[in-house]
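Okay, structure first, notes after.
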2 protein chains.
Amino acid sequence: MRTRREQIEDEASALFAARGYAATSMRDIAKALDLQGGSLYAHILSKEALLAAIVQQASERFHGAVRPLADGPGTAPERLRAMLAAHVQVVTEAPSKAKVFLFEWTFLGPARREQVALARDAYQAHFERVLAEGRTAGELAQGEADPKLAATYLLSALNGIAHWYRPDGPLTPGEIADRYAGLFLHGVEQPATVATGTGTGGTR
Amino acid sequence: MRTRREQIEDEASALFAARGYAATSMRDIAKALDLQGGSLYAHILSKEALLAAIVQQASERFHGAVRPLADGPGTAPERLRAMLAAHVQVVTEAPSKAKVFLFEWTFLGPARREQVALARDAYQAHFERVLAEGRTAGELAQGEADPKLAATYLLSALNGIAHWYRPDGPLTPGEIADRYAGLFLHGVEQPATVATGTGTGGTR
DNA sequence: CCTACCGATCGGTAGG
DNA sequence: CCTACCGATCGGTAGG
């Protein structure tokens, strides 16, 4: 049984994600729960504290899912695949909360916003580290892009999923992760045909 | 000399981009221009119409820059590189306006919002078409990802640039575009070593 | 958790 | 473009 507090956070997540934090009033949240506006304050301290709680919990989900994989065994490409799949999993299992964490955290007050900025940097650093290790090991070649830029590129693509994912869409979260991993690891360009021996022996 | 109307749109773009549309009041915009709140209405019809004008103009910039390249000459990879560079150029030459177009258009009323949704779909379709043509021509191989998903992936990564780009950052828009194009076309994984003849003849 | 309310601020307008 | 204002709504609180 969800506590009242959890119901409030769930409803607030849905509304913040759908309309944006600033465009959602406390009375909107209350109405969705059949309460009066003021009654919410028996459970929360302020609108910003409610946002902070949602953001904090989502942040912990992302970290908890991805960090052990970054530090785990496997080659860099293997770990990246696993981290990417975990990130997609966190986004798609609670899209509203992920969306609030990813795009509404900027509405926090200065103190909490800076905390979240640090947590986000630390999260991206997991990806940067694996990319750097892969380069050192000769498993990855990011062209001229350094690990920081490659991680920014990847996380931008992944976070976009929160904007368009629908549970009833054609692709499961696992399928989305597979395809995105293929795009990130191999790109879209057909490698120049080099003696892969499909029979004709190189169509130049 | 910028007209008053243009000054209002520029200032509104900066504030909408920095704080969000819903969290920006007409009096905020007026104050930045040393005006009284009500005075803005000598130049605009409503807050939403102001947002709509900014979004519309930015939308036209993106379309105008990219469409001719999609329809232009060159192989699919060449055209994708050019389109990607043009998109980055539009984002970075007016980051606030791009950001408003990319992330604040959802605050438009239903009628205008649907129009913009169509324009965005048409924009993405340019990328999808080139990706599909490249696949047909054997120039591109997107793994299991279809052109639509690959375009979504790419545009998510590109639009993220609006969130972090700073004119005084270490990379020029052209350098960002080059690196992102490398990541999109080739991915990050080192191709398996196949007779490229660096001397040792294949270190497996 | 409700009733009733607070001061502040919102988008927008009348009249000049 | 300003002064002065409109009704509506905001986040939040007192008291029960």
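- Put simply, NE2 on A/His43 is 16 Å from C1' on D/dT13, counting in whole angstrom units.
- Note: A/Ile54 CD1 to A/Asp10 CG = 8.5 Å, rounded to the nearest 0.5 Å.
- A distance of 11.0 Å separates CG in A/Asp178 from CG in A/Leu183, rounded to the nearest 0.5 Å.
- The pairing partner recorded for D/dG16 is C/dC1, the criterion being a Watson-Crick or G-U wobble arrangement whose two distances lie under 3.5 angstrom.
- Regarding A/Ile44, its CD1 atom lies at a distance of 13 Å from the P atom of C/dC1, rounded to whole Å.
- Considering only residues two or more places apart in sequence or on other chains, B/Tyr21 meets the ring-ring contact (aromatic ring centres under 6.0 Å, His included) condition with B/Phe16, B/Phe107.
- Atom CZ of A/Phe107 and atom C1' of D/dC10 are 16 Å apart (whole Å).
- Nearest to the side chain of A/Ser39, among C/dC1, C/dC5, C/dG11, sits C/dC1.
- Using a 4.0 Å heavy-atom criterion, one finds that B/Leu35 contacts the sugar-phosphate atoms exclusively.
- Applying the 6.0 Å contact sphere to CG of B/Leu45 captures no more than 12 heavy atoms from other residues, nucleotides or ligands.
- For the segment residues 6-25 of chain A, the set of residues with a heavy atom within less than 4.0 Å of an atom of DNA chain C is empty.
- Put simply, CG on B/Asp28 is 11 Å from C1' on C/dC10, counting in whole angstrom units.
- Which of D/dT3, D/dC5, C/dT3 sits closest to the side chain of A/Gln36 comes down to C/dT3.
- The interatomic distance linking B/Leu40 (CG) with C/dA14 (C1') rounds to 17 Å, in whole Å.
- Atom C1' of nucleotide D/dT13 and atom CG of A/Leu45 are separated by 13 Å, given to the nearest angstrom.
- If B/Ala42 and A/Gly37 are placed on DNA chain D by their nearest nucleotide, the residue sitting closer to the 5' end is B/Ala42.
- Side-chain N/O atoms of B/Tyr41 include none lying less than 4.0 angstrom from OP1 or OP2 on C/dT13.
- A perpendicular orientation is assigned to the rings of A/His126 and A/His63, their planes being inclined by more than 60° (bins at 30° and 60°).
- Between the CD1 atom of B/Ile29 and the P atom of C/dT9 there is a distance of 17 Å, given to the nearest Å.
- Between A/Tyr153 and B/Tyr180, the ring planes lie perpendicular to each other; the angle is over 60°, past the 30° to 60° tilted range.
- Between B/Arg4 and D/dC1 there is a side-chain polar atom (N or O) within less than 4.0 angstrom of OP1 or OP2.
- We find that CZ of B/Arg27 is positioned 16 Å from P of D/dC10, with the value rounded to whole Å.
- Stacking of A/Arg120 on the aromatic ring of A/Phe101 is recorded, both the 6.0 Å distance cut-off and the 45° axial limit being met.
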